[in-house]
Novice: 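Starting off with a structure, shown below.
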Protein chains: 2
Amino acid sequence: MRKTIAKTKILELITRSNTNLSHADIKNLLPDGLCDRVTIYRVLDRLLQEGLIHKVVNIDGVVNYASCKNCEVEHSHNHMHFSCEKCKSVTCLDDINPSFKLPKGYAVKEINFVLSGVCPSCS
Amino acid sequence: MRKTIAKTKILELITRSNTNLSHADIKNLLPDGLCDRVTIYRVLDRLLQEGLIHKVVNIDGVVNYASCKNCEVEHSHNHMHFSCEKCKSVTCLDDINPSFKLPKGYAVKEINFVLSGVCPSCS
DNA sequence: TTATTTTAGCAACATTGTTGCAATAATAAA
DNA sequence: TTTATTATTGCAACAATGTTGCTAAAATAA
Ligand SMILES: [Zn+2]
Ligand SMILES: [Zn+2]
Ligand SMILES: [Zn+2]
Ligand SMILES: [Zn+2]
């Protein structure tokens with residue numbers, strides 16, 4: 001996979017942001033005219049494939065993209081996410097890994113944990 | 001809120017189904033021409049408001065609607081959901097309530113827990 | 001039965017995401 | 001460096017999904 005301006009800038013945005021970013025956020029944050037919105041979709045897909053970012057489906061169905069911090073060893077995104085209804089931020093709670101016990105027979109491949117409410121900064 | 005044919009039929013569908021249903025599912029399952037797709041959206045909103053159903057945002061961002069089983073006492077939907085990538089079913093795991101501990105300052109109002117993979121019937 | 005108010009249908013629109021294809025740009029090979 | 005190869009981009013077109021405003025119809029109250 002090739003290194004392009006769009007890819008570099010988008011990864012930079014996601015990495016530097018302290019909240020998770022949606023496609024719309026990225027579109028707004030990128031310098032006007034840097035690339036087409038279709039390109040953003042495609043770049044995000046590539047970054048996901050390469051394992052440089054992970055995604056969170058928010059409580060409103062919007063996909064948010066987050067940089068992978070502790071994924072050098074192995075990719076696991078069992079952690080919780082928080083979506084603030086006031087500041088609209090979506091963040092990774094990297095250290096919160098909910099525990100639960102499934103009945104036999106379930107093979108889990110993906111996990112999407114989201115809490116919604118008011119974050120510490122907004123309360 | 002008034003009792004109408006569309007509302008009755010849609011609630012019936014959701015209640016009788018052993019999997020959670022998306023707007024598209026409901027549209028397909030309803031007798032052809034029973035009501036407009038806009039009506040389905042509005043009926044679902046009303047059923048949510050009345051607390052007769054709850055919703056789950058699936059891992060693909062699609063909203064699925066589920067009947068409320070143990071909500072007579074109080075509404076709580078802390079339970080896990082499972083989305084099967086083979087049979088495409090989304091189901092409530094009513095008895096699985098993940099436990100986790102949040103840092104102080106977070107006020108949780110909504111919860112959306114979804115696991116994706118292969119369900120017992122498909123494995 | 002009549003009056004009131006919610007609900008339904010329809011058209012129009014906005015948003016979001018996808019696909020095909022030709023032009024362009026990044027990398028590999030010469 | 002130059003050329004060849006192949007991934008990536010932009011654009012247009014399209015599909016799917018969800019929302020809104022308005023009038024007609026239906027449900028309930030009077
Ligand atoms: Zn906040
Ligand atoms: Zn995360
Ligand atoms: Zn299955
Ligand atoms: Zn449920």
Side-chain angles (χ1 to χ4, degrees), chain A residues 1-14 19-66 83 85 88 90 110 112 114 116, chain B residues 1-14 19-66 83 85 88 90 110 112 114 116:
Chain A
M1 286 185 184
R2 296 181 180 176
K3 185 177 178 176
T4 64
I5 299 165
K7 190 180 165 190
T8 307
K9 291 286 181 190
I10 291 172
L11 181 56
E12 230 172 72
L13 266 184
I14 296 174
T19 64
N20 303 346
L21 302 176
S22 67
H23 175 273
D25 293 332
I26 293 169
K27 189 169 166 308
N28 293 333
L29 288 168
L30 283 178
D32 208 53
L34 185 130
C35 71
D36 195 74
R37 68 192 182 92
V38 179
T39 300
I40 301 178
Y41 284 114
R42 299 199 262 225
V43 166
L44 288 170
D45 282 344
R46 269 183 281 151
L47 292 173
L48 281 172
Q49 273 183 47
E50 294 183 58
L52 296 172
I53 61 175
H54 67 282
K55 67 175 178 177
V56 195
V57 179
N58 198 359
I59 212 142
D60 59 3
V62 174
V63 178
N64 287 67
Y65 300 88
S83 171
E85 61 189 24
K88 308 294 176 196
V90 179
E110 275 187 84
N112 197 75
V114 182
S116 171
Chain B
M1 287 187 183
R2 297 182 180 176
K3 184 178 178 176
T4 63
I5 299 166
K7 191 179 164 190
T8 307
K9 291 286 179 189
I10 291 171
L11 182 56
E12 232 173 69
L13 266 185
I14 296 174
T19 64
N20 303 346
L21 302 176
S22 66
H23 175 272
D25 293 333
I26 293 168
K27 191 170 165 306
N28 293 333
L29 288 168
L30 282 178
D32 207 54
L34 184 129
C35 73
D36 195 73
R37 69 192 182 92
V38 178
T39 299
I40 301 178
Y41 284 114
R42 299 202 261 226
V43 166
L44 289 170
D45 282 344
R46 269 184 281 150
L47 291 173
L48 282 172
Q49 272 186 46
E50 294 183 58
L52 297 172
I53 61 175
H54 67 282
K55 67 176 179 177
V56 195
V57 179
N58 198 359
I59 211 144
D60 59 3
V62 174
V63 178
N64 286 68
Y65 299 88
S83 171
E85 61 189 24
K88 307 294 177 194
V90 179
E110 275 187 84
N112 196 73
V114 182
S116 170

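We name chains A, B, ... by the order of the sequence lines, and we start the count at 1 in each one.
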Novice: Could you tell me whether a side-chain N or O of A:D45 sits under 3.5 Å from a main-chain N or O of A:R42, the two making a donor and an acceptor?
Specialist: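 Between the backbone of A:R42 and the side chain of A:D45 there is no qualifying donor-acceptor contact (under 3.5 Å).
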
Novice: Calculate, to the nearest 0.5 Å, the distance between atoms CD1 and CG belonging to B:I40 and B:L13 respectively.
Specialist: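 With rounding to 0.5 Å, CD1 (B:I40) is 9.0 Å from CG (B:L13).
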
Novice: In whole angstrom, what separates A:D60's CG from C:dT15's P?
Specialist: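 My rounded result for the distance is 15 Å.
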
Novice: Who are the side-chain contact (heavy atoms from CB on, under 4.5 Å) partners of A:L34, not counting sequence neighbours?
Specialist: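 Applying side-chain contact (heavy atoms from CB on, under 4.5 Å) to A:L34 gives A:I5, A:A6, A:K9, A:L30, A:P31.
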
Novice: State, to the nearest 10°, the angle formed by the axis through the first five base pairs of the helix from C:dT1-D:dA30 to C:dA30-D:dT1 and the axis through its last five.
Specialist: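 Result, rounded to 10 degrees: 30°.
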
Novice: Check salt bridge (Lys or Arg N to Asp or Glu O under 4.0 Å) between A:E110 and all other residues, then give those that pass, not counting sequence neighbours.
Specialist: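 Partners of A:E110 by the salt bridge (Lys or Arg N to Asp or Glu O under 4.0 Å) criterion come out as none, since no residue qualifies.
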
Novice: If you look only at pairs with a residue in residues 25-50 of chain B, which of them pass as a ring pair (Phe, Tyr, Trp, His ring centres under 6.0 Å), with sequence neighbours excluded?
Specialist: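 Ring pair (Phe, Tyr, Trp, His ring centres under 6.0 Å) check on residues 25-50 of chain B returns B:H23-B:Y41.
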
Novice: Side chain to side chain donor-acceptor pair (under 3.5 Å): which pairs involve residues 27-37 of chain B, sequence neighbours left out?
Specialist: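 Every candidate side chain to side chain donor-acceptor pair (under 3.5 Å) pair involving residues 27-37 of chain B fails, so no pair, neighbours aside, qualifies.
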
Novice: Identify, with sequence neighbours excluded, every residue that meets side-chain contact (heavy atoms from CB on, under 4.5 Å) alongside A:N58.
Specialist: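 By the side-chain contact (heavy atoms from CB on, under 4.5 Å) rule, A:N58 matches A:D60, A:N64, A:S83, A:V90, A:V114.
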
Novice: Could you work out, with side-chain hydrogen bond (donor to acceptor under 3.5 Å, both in side chains) as the rule, every residue matching A:S116, not counting sequence neighbours?
Specialist: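 Scan of A:S116 (side-chain hydrogen bond (donor to acceptor under 3.5 Å, both in side chains), adjacent residues dropped) gives none.
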
Novice: Under 4.0 Å, heavy atoms only, any strand: does A:A24 hit a base, just the sugar-phosphate, or nothing?
Specialist: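 Touches nothing.
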
Novice: Is any side-chain heavy atom of B:Y65 closer than 4.5 Å to one of B:L48?
Specialist: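 Yes, their side chains come closer than 4.5 Å.
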
Novice: Indicate the atoms forming the closest heavy-atom contact of A:D25 with A:S22, along with that distance.
Specialist: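 So the two residues come closest at OD2-N, 2.9 Å.
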
Novice: In the 5'-to-3' direction, what one-character label does each nucleotide of nucleotides 22-30 of chain C receive under the scheme B = base within less than 4.0 Å of a protein heavy atom, S = sugar-phosphate only, - = no such atom?
Specialist: ---BBS---

Novice: Just jot down the side-chain contact (heavy atoms from CB on, under 4.5 Å) partners of A:K7, sequence neighbours excluded, or say none.
Specialist: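 Checked A:K7 against side-chain contact (heavy atoms from CB on, under 4.5 Å); matches are A:M1, A:T4, A:V43, A:R46, A:L47, A:E50.
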
Novice: By a strict heavy-atom criterion of less than 4.0 Å, which residues belonging to residues 31-45 of chain A are in contact with DNA chain C?
Specialist: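 Those residues whose heavy atoms fall under 4.0 Å from DNA chain C, taken from residues 31-45 of chain A in numerical order, are A:R37, A:V38, A:Y41, A:R42.
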
Novice: Among all residues two or more places apart in sequence or in another chain, which pass the side-chain hydrogen bond (donor to acceptor under 3.5 Å, both in side chains) test with B:N112?
Specialist: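 Here no residue qualifies.
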
Novice: Tell me which one of A:L52, A:L44, A:L29 satisfies side chain to side chain contact (heavy atoms under 4.5 Å, CB included) with A:I14.
Specialist: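 Of the listed options, the one satisfying the test is A:L44.
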
Novice: Just the endpoints, please: which first and last nucleotides of DNA chain D, 5' to 3', lie under 4.0 Å from a heavy atom of chain B?
Specialist: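 In short, chain B contacts DNA chain D from D:dT17 to D:dT28.
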
